[in-house]
Amino acid sequence: MNHSISEKENISSLSDVEILDLLLQKVADGDMDALRDLYERVSSAVYTYALSIIQNPTTAEDVMQDAFVNIAQNAEKYVSQGKPMAWIMTITKNIALMKLKRMDNRNSSLEDYMDVAKSDDFAQSDRRLMLRKALNELKDEDRQIVILHAMTGMKHREIAEIMKIPLPTVLTKYKRSLEKMRRIIGGDDIE
């Protein structure tokens, strides 16, 4: 982004939510550098969430690209309520569900979940295989909840809003999914 040094210093003191809010405001003003920065910051989370719904890497990439086009076109409609990721993920979900309706069959593949993960635990091939197996064992909705919370860092209440299910249901599904994954993996801790 084209910022003066003092503006860069001010940005570095902002929280992630404040940075995303600022970027969305700049995107609304037509700042393509801000859109590029937003893409760099959240594209992994957007792709991972799209993949958790679509379960097809190529189509998930299409969803991600469509989501960013939609974000750019509708950024002026974004109203900051301290939930920029919820807004972005709602757009992603809506696009993914529209594409899913058009798909004849779903290819179940979690390969790319691991590729976008940045944790050293994911990089270890044994844990990666066990995690992939455990994620595959979850129902679609449960897998989406785990992915949104564990990989994108969204709060459970934001997930409830995006998925349009009650917060207690999200909490229960998340807890049960982690317990199921622990049993599958063999008792290893999963955060």
Side-chain angles (χ1 to χ4, degrees), residues 1-53 60-61 63-96 112-123 131 143-175 177-178 189-191:
M1 294 192 310
N2 297 327
H3 299 291
S4 66
I5 292 174
S6 62
E7 192 173 344
K8 284 182 182 179
E9 291 170 3
N10 289 339
I11 287 175
S12 67
S13 67
L14 298 176
S15 71
D16 289 341
V17 169
E18 292 169 326
I19 290 171
L20 294 179
D21 274 343
L22 177 63
L23 289 172
L24 285 168
Q25 179 183 9
K26 289 180 176 286
V27 169
D29 293 338
D31 186 338
M32 289 298 107
D33 288 334
L35 181 61
R36 193 172 310 115
D37 193 14
L38 181 68
Y39 181 89
E40 289 172 7
R41 289 177 183 273
V42 301
S43 61
S44 292
V46 169
Y47 173 78
T48 301
Y49 184 48
L51 184 61
S52 75
I53 296 169
E61 287 178 21
V63 169
M64 179 181 67
Q65 297 304 322
D66 290 350
F68 280 97
V69 168
N70 193 303
I71 289 165
Q73 292 173 343
N74 293 291
E76 73 279 353
K77 295 177 186 173
Y78 171 70
V79 178
S80 176
Q81 298 176 348
K83 300 177 183 180
M85 281 302 287
W87 187 75
I88 291 167
M89 292 304 182
T90 299
I91 290 171
T92 303
K93 175 187 173 186
N94 292 339
I95 293 169
D112 293 300
Y113 287 145
M114 306 310 124
D115 293 338
V116 297
K118 296 178 178 130
S119 168
D120 289 338
D121 290 342
F122 285 94
L131 182 61
R143 182 175 46 251
Q144 290 171 29
I145 291 168
V146 170
I147 294 295
L148 283 172
H149 183 71
M151 295 186 75
T152 70
M154 292 185 73
K155 297 192 181 340
H156 293 292
R157 65 176 154 54
E158 294 172 320
I159 295 168
E161 288 175 23
I162 289 171
M163 297 185 74
K164 299 190 184 331
I165 55 179
L167 176 59
T169 303
V170 170
L171 293 169
T172 300
K173 286 178 173 280
Y174 182 75
K175 182 180 179 195
S177 295
L178 289 184
D189 287 333
I190 297 176
E191 296 296 321

Legend entry - OH on Tyr39 to CE on Met64, rounded to 0.5 Å: 3.5 Å

Legend entry - Flag side-chain contact, heavy atom, 4.5 Å: Ile95 against Ile91: yes

Legend entry - Single hit among Leu24, Val46, Val42 for side chain to side chain contact (heavy atoms under 4.5 Å, CB included) with Ile71: Leu24

Inset, instruction - Quick one: closest heavy-atom pair of Ala67 and Thr92, and the distance? - result: CB-OG1, 3.8 Å

Inset, instruction - Taking Lys173 for its side chain and Ile145 for its backbone only, find out whether a donor-acceptor pair lies under 3.5 Å. - result: no

Legend entry - Criterion side chain to side chain contact (heavy atoms under 4.5 Å, CB included) against Ile162, the qualifying member of Thr90, Ile88, Val170: Thr90

Inset, instruction - Return yes when atom CG of Asn74 has more than 12 non-hydrogen atoms of other residues, nucleotides or ligands closer than 6.0 Å, and no otherwise. - result: yes

Inset, instruction - Please report the shortest heavy-atom distance between Ala60 and Ala50, naming the atom on each side. - result: O-CB, 3.9 Å

Legend entry - Parallel, tilted or perpendicular: ring planes of His149 versus Tyr174, cut at 30 and 60 degrees: perpendicular

Legend entry - Spacing of CZ belonging to Arg41 relative to CD1 belonging to Ile19, to within rounding of 0.5 Å: 4.5 Å

Legend entry - Donor-acceptor pair, side chain of Thr48 and main chain of Ala45, under 3.5 angstrom: no

Legend entry - Side chain proximity check, Lys26 to Leu22, heavy atoms < 4.5 angstrom: yes

Legend entry - Point-to-point distance, once rounded to the nearest 0.5 Å, from CE of Met154 to NZ of Lys83: 9.5 Å

Inset, instruction - Mind listing the closest non-hydrogen atom pair of Val17 and Gly82 along with its distance? - result: CG1-O, 3.6 Å

Legend entry - Glu161 side chain reached by Met89 side chain, heavy atoms, under 4.5 Å: no

Inset, instruction - Take Met163 and Leu148, measure what side-chain contact (heavy atoms from CB on, under 4.5 Å) needs, and give me the verdict at the end. - result: CA-CA 10 Å; Met163 297 185 74; Leu148 283 172; 4.3 Å; yes

Inset, instruction - Rounded to the nearest 0.5 Å, what's the gap from NE2 on His156 to OG1 on Thr169? Could you check? - result: 13.0 Å

Inset, instruction - Nearest 0.5 Å please: distance from the CG atom of Leu23 over to the CZ atom of Arg36. - result: 12.0 Å

Inset, instruction - For Ala72 and Leu35, work out which heavy atoms get closest and say how close. - result: CB-CD2, 3.9 Å

Inset, instruction - First locate atom CH2 of Trp87, then atom CG of Leu20, and finally report the distance between them rounded to the nearest 0.5 Å. - result: 11.5 Å

